[in-house]
Amino acid sequence: MHLDVLIFGSAAIAAKADRVRVRVGESPTLADVARAMAEQHPSLAFALQSPRFAVNQAFASLSTPITPSDEVALVTLVGGG
Amino acid sequence: MHLDVLIFGSAAIAAKADRVRVRVGESPTLADVARAMAEQHPSLAFALQSPRFAVNQAFASLSTPITPSDEVALVTLVGGG
Amino acid sequence: MDRSSMIFAMILDGPVDPSAEARALSSIALAQSDLNTSGRVGATLRFEGIVRRDEPTPGAPAGETPPIRSLSALQYQSYDPMAQAQLASLAHGIAREFGLLALTTLHSRGRVRVGEISFVLTISSAHRAEALTAMMAFIDRMKRDVPIWKTPVWAD
Amino acid sequence: MDRSSMIFAMILDGPVDPSAEARALSSIALAQSDLNTSGRVGATLRFEGIVRRDEPTPGAPAGETPPIRSLSALQYQSYDPMAQAQLASLAHGIAREFGLLALTTLHSRGRVRVGEISFVLTISSAHRAEALTAMMAFIDRMKRDVPIWKTPVWAD
């Protein structure tokens, strides 16, 4: 499946976009999404070393299963608020 | 010699005065003054267990020699500022 | 004794200047005034975060002092509505944990120029100790858990 | 970079209300305003100590909770001019030790009623960390080294 992941701050600057599309297998977890992002968008590797995600506007652990209708955001706070 | 010692806060309340007169030997140190105060003014004993003095408006150690013209104040901050 | 506390948390557009702050806090102005005359408050603490002109430039090699470069502003981006929910949740959590009487916080979204305020946190408590430790905990956790990012707008 | 910092420390009669504060700080108002627009300040922190109504009565046996009794005011007695000199010396020492940009402090002498402010400390610095640690250090050392005593004036 394909998934759009929202990105912010220095990740958005690095990718020159406010979201990136990733290709993942069926029934992925957030860990799969993170791995796919790092492979398919190497400019985001710096923000994926210890990534933090939100799913549907709430923090979620890497074991969280993802469906195509979920809102997924990479919220690693590189540099802080 | 005789010496007036300024007192404040709960010490002043206990003694019902803003200073007490003490009788000390010749060439006393602050330690002698503290001892004489505790003996001659038992109501101040609570403020003399680890006393702190100012001499001529500056903190002074217990070994400081005192002359009759010095301004001596018991500034133990019982209860804080 | 009344165990409730007065909490307000909001992300607003632009700098947290006095008029923006008064507007944001108008709904609790009366409760604030009641609290201040209640005799229950022994300490109030207010923190303002202000945009500084000089920032080290990012990307310097480790161990080297990065060159200083001048900002004209910071651009704050918040992930809404999660950022607002996290800020409010943090405010309630800190107030409960430290037994505060009041906590109000305002954070900017969008552009805030050098010298302008981007963040205000005000805490009222019975004694000073809990106000100071609550303030440090709040700011640390905000930087960790509230999804707001800042991007420099360079002067040159 | 200008290494000087703006310091002001004063003991004044009665509560530290806004008009008393403005009067006391009028001589540095211009310098304060210059500093605030300089782009050097990243954090300002303000502490207000307020007289609370309920105080534990002194003299309760150790281990027992002292009964609460209501105040109408606190009476502050300062040993002058030593108190003023110690407050100023503390202000300069803390500003130097923590590299602050500004530190102003006002402390009451005489009667301050419940709900009124008896102490204000305002700190400006480049970053928040030094403002917070400097504030805690200042208040701890003030209570140890500035000869000011408070006496309760009971309501009943």
Side-chain angles (χ1 to χ4, degrees), chain C residues 1-2 16-18 33-56 68 70-74 101-102 112-140 142-143 150 155, chain D residues 1 16-18 33-56 68-74 101-102 112-140 142-143 150 155:
Chain C
M1 186 180 151
D2 182 2
V16 188
D17 57 35
S33 152
D34 282 353
L35 180 62
N36 288 342
T37 56
S38 69
R40 295 166 65 205
V41 177
T44 70
L45 192 55
R46 177 183 171 91
F47 176 88
E48 297 177 354
I50 299 154
V51 176
R52 294 174 67 234
R53 188 178 312 282
D54 296 330
E55 284 293 327
I68 297 295
S70 281
L71 290 181
S72 70
L74 284 176
L101 296 169
V112 182
R113 288 178 299 182
V114 168
E116 291 181 331
I117 298 169
S118 61
F119 171 62
V120 168
L121 173 61
T122 304
I123 286 174
S124 298
S125 60
H127 305 98
R128 76 179 190 286
E130 64 262 31
L132 282 158
T133 51
M135 177 159 280
M136 288 195 284
F138 186 100
I139 298 175
D140 287 346
M142 180 178 77
K143 292 189 170 273
K150 56 183 180 189
Chain D
M1 183 180 153
V16 189
D17 57 34
S33 152
D34 283 352
L35 180 63
N36 288 341
T37 57
S38 69
R40 296 167 65 207
V41 177
T44 70
L45 192 55
R46 177 183 172 90
F47 177 87
E48 298 178 352
I50 299 155
V51 176
R52 294 175 66 235
R53 188 179 312 283
D54 296 331
E55 285 292 328
I68 297 294
R69 195 171 160 192
S70 281
L71 289 181
S72 70
L74 284 175
L101 297 169
V112 182
R113 287 177 298 183
V114 168
E116 291 180 332
I117 297 170
S118 60
F119 170 62
V120 169
L121 173 60
T122 306
I123 286 174
S124 297
S125 59
H127 306 96
R128 75 179 191 287
E130 64 262 29
L132 282 158
T133 51
M135 176 157 282
M136 287 195 284
F138 186 100
I139 298 175
D140 287 347
M142 180 178 76
K143 292 189 169 273
K150 58 183 179 190

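Protein chains get the first letters and strands the later ones, always in sequence-line order, with residue 1 at the start of each. Atoms considered below: every heavy atom in the structure, side chains included; atoms not considered: hydrogens, waters and symmetry mates.
Counting heavy-atom pairs closer than 4.5 Å to chain C, the top-ranked of the candidates D:Gly115, D:Gly42, D:Ser124 is D:Gly42. Most heavy-atom pairs under 4.5 Å with chain D, from the set C:Val41, C:Leu71, C:Ile50, C:Thr37: that is C:Ile50. By number of non-hydrogen pairs under 4.5 angstrom with chain D, the leading residue of C:Glu116, C:Arg52, C:Arg53 is C:Arg52. Ranked by non-hydrogen atom pairs under 4.5 Å with chain C, the options D:Thr44, D:Ile123, D:Val114, D:Asn36 are led by D:Thr44. Counting heavy-atom pairs under 4.5 Å between each of D:Leu132, D:Thr122, D:Leu45, D:Leu121 and chain C puts D:Leu45 at the top.
Residue C:Phe119 forms a side-chain contact (heavy atoms from CB on, under 4.5 Å) with just one option from C:Val51, C:Ile139, C:Val16, and that option is C:Ile139.
Side chains of C:Phe47 and D:Arg128 form a contact here, defined as non-hydrogen atoms less than 4.5 Å apart. Residues C:Asp17 and C:Ile117 fail the side-chain proximity criterion, which asks for heavy atoms closer than 4.5 Å. Residues C:Met135 and C:Glu130 fail the side-chain proximity criterion, which asks for heavy atoms closer than 4.5 Å.
Within 6.0 Å of atom CZ in D:Arg46, more than 12 heavy atoms from other residues, nucleotides or ligands are found, so the atom counts as buried in its surroundings.
The shortest non-hydrogen separation linking D:Ser70 to D:Asp54 is OG-OD1, 3.3 Å.
For D:Ala126, the parts lying under 4.5 angstrom from a heavy atom of chain C are both the backbone and the side chain. Contacts between D:Ser38 and chain C at a heavy-atom distance below 4.5 Å involve the backbone alone (N, CA, C, O).
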